[in-house]
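Letters go in sequence order (proteins before strands), and every chain restarts at 1.
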Number of protein chains: 2
Amino acid sequence: MAKKKQVRIPQETIRRIALYLRSLRKLKELKFNIISSGQITAYLNVSPEQFRKDLSYFGPVGKPGVGYRVDNLIHHLERILGIDRECRIILVGVGKLGSALLAYPGFLNFNFRIVGAFDSDKEKIGKTLGKVRVYDVSEMKKFIQHDRVQLAILAVPVESAQHVAEKLVACGIKGILNFAPVNLNLTQPVRVLNVDMATELMTLTYFVNRILAG
Amino acid sequence: MAKKKQVRIPQETIRRIALYLRSLRKLKELKFNIISSGQITAYLNVSPEQFRKDLSYFGPVGKPGVGYRVDNLIHHLERILGIDRECRIILVGVGKLGSALLAYPGFLNFNFRIVGAFDSDKEKIGKTLGKVRVYDVSEMKKFIQHDRVQLAILAVPVESAQHVAEKLVACGIKGILNFAPVNLNLTQPVRVLNVDMATELMTLTYFVNRILAG
DNA sequence: ACGTGTGAACCGATTCACAGCA
DNA sequence: TGCTGTGAATCGGTTCACACGT
């Protein structure tokens, strides 16, 4: 995955690439073979120039005067993101939200497989939700190391989030998708992405009030 | 809510203000009365300067040489975001994810109240989850207009998301928190915020591979 | 002619540096 | 002195404009 230049790649570029990929999958289903930057961005709130610029960080892939081969581009983007092979993930915290996430079909579509769920509630341990079995948190380390798991979804209550996150990092986890409404403080080289519904709603409220104010 | 200048306020500033608010609530619980920009940002991955700059868009609120009164600042930020009074929201799509969101306690903490849930499944209509009753989608308009609801959480399957979103806008909804993995195309003045778990995981995978590569 | 790829120009957000108040 | 508030400088990302390949 050779970066072309020493130029730093914006995080937003990566996020958009994930978006392009989702869109391309749909276009492929609809039997598109070749598409242009204008076609793919038409329904994405992204300009064609932005799309081409995003791709340019990773080297040429389209044909001037023609466009992009859909298959080719999908594979290219999957390689960039590192999801061209199966990514094993674990889920910690099998409450209401955690259970819902276990059933979320979107993950498998993109080569993510939840290999285990973990909780400290004896009631839940041993059960199987969807196709995923729930284990005791004390078994996390074994799992993470045996299956070379890099990513964890954290869906525990806010009180235990920091503690569990530290434990995950100690077990070797490199990326955390955090659903707990708290800022995790971790020193190790871990990447954390927060998904915070309440914060999103507050942001939305602000902008809605702006719309209504004119 | 007088904006001080004609300067456009960055969206990230608004998102961070929501973050500050969450943090301040916690500090208040811990009996802090006065805090400085350094104290509040210490655990937030935000610099004190950034914090002060963010606040500066909305006029002075702290005391030089002293800091900020926690109570005062909380109220100030709530007013900025428009959540100083109760915000009524609805939820559409009572599947696994929708049900989990109904039970999410974080909303109420910030003055959001889900006044109704909607689904097209006759099995679900009439039931009460948590304290929220599930209604037929055909009753949405009545609700939205009667309760002056501005915000909707969209948790329907991806196939119906665009259709339902259009319906919501037609009913007068001004902001949508969209959990369906699709880019909604809406022309009216509506604000859409997307929460897409698969996209987040892909982004995370990219950065984790970067960490491991050095 | 058409559409990609990309350096350059532009624009907006963050960081810096400091004036001013308690 | 300590900390806020903010113009100015810097930095990074997006947009523009166009050279090049088909």
Nearest-Å distance, CD1 (A:I14) to C1' (D:dG13)?
14 Å

Within the 4.5 Å heavy-atom criterion, are A:R79 and A:F58 side-chain neighbours or not?
no

A:K96 and B:K96, any side-chain heavy atoms less than 4.5 Å apart
no

For A:S37 and A:R52 the tightest heavy-atom approach is OG-NH1, 3.2 Å

Using whole Å, what does the distance between atom C1' of nucleotide C:dT4 and atom NE2 of A:H76 come to?
13 Å

In whole angstrom, give the distance that lies between atom OH of B:Y20 and atom P of D:dT4.
13 Å

Whole-Å distance, A:R15 CZ to D:dG13 P, equals 14 Å

Determine whether a donor-acceptor pair (N or O, by modelled atom type, separation under 3.5 Å) exists between the side chain of B:Q150 and the backbone of B:G175.
no

Taking C-beta and beyond as the side chain, do B:Y57 and B:I80 meet within less than 4.5 Å on heavy atoms?
no

Starting at the 5' end of DNA chain C, write a dot or bracket for each base, bracketing those in Watson-Crick or G-U wobble pairs whose two distances are under 3.5 Å and using | for partners on another strand.
||||||||||||||||||||||

Looking at side-chain heavy atoms only, is the closest gap between A:H75 and A:D71 below 4.5 Å?
no

Given the rule in the ring-ring contact (aromatic ring centres under 6.0 Å, His included) test, do B:Y20 and B:Y68 qualify, once you have shown the distances and angles that lead to the verdict?
CA-CA 12 Å; B:Y20 303 148; B:Y68 303 85; 9.9 Å; no

Residues A:C87, A:L151; criterion side chain to side chain contact (heavy atoms under 4.5 Å, CB included); working and verdict:
CA-CA 8 Å; A:C87 297; A:L151 264 46; 5.5 Å; no

B:V164 and B:V137, any side-chain heavy atoms less than 4.5 Å apart
no

Look at B:S37 and D:dT4 and indicate whether a side-chain polar atom (N or O) is within less than 4.0 Å of OP1 or OP2.
yes

Expressed as a whole number of angstroms, how long is the span from A:I35:CD1 to C:dG3:P?
12 Å

Tell me: CG of B:L73 to P of D:dC3, nearest whole Å?
16 Å

Atom-pair distance (CZ on A:R69; P on D:dT22), nearest Å
15 Å

Please encode protein proximity along nucleotides 11-22 of chain C as a string of B, S and -, counting only heavy-atom distances under 4.0 Å.
--SBB----BBS

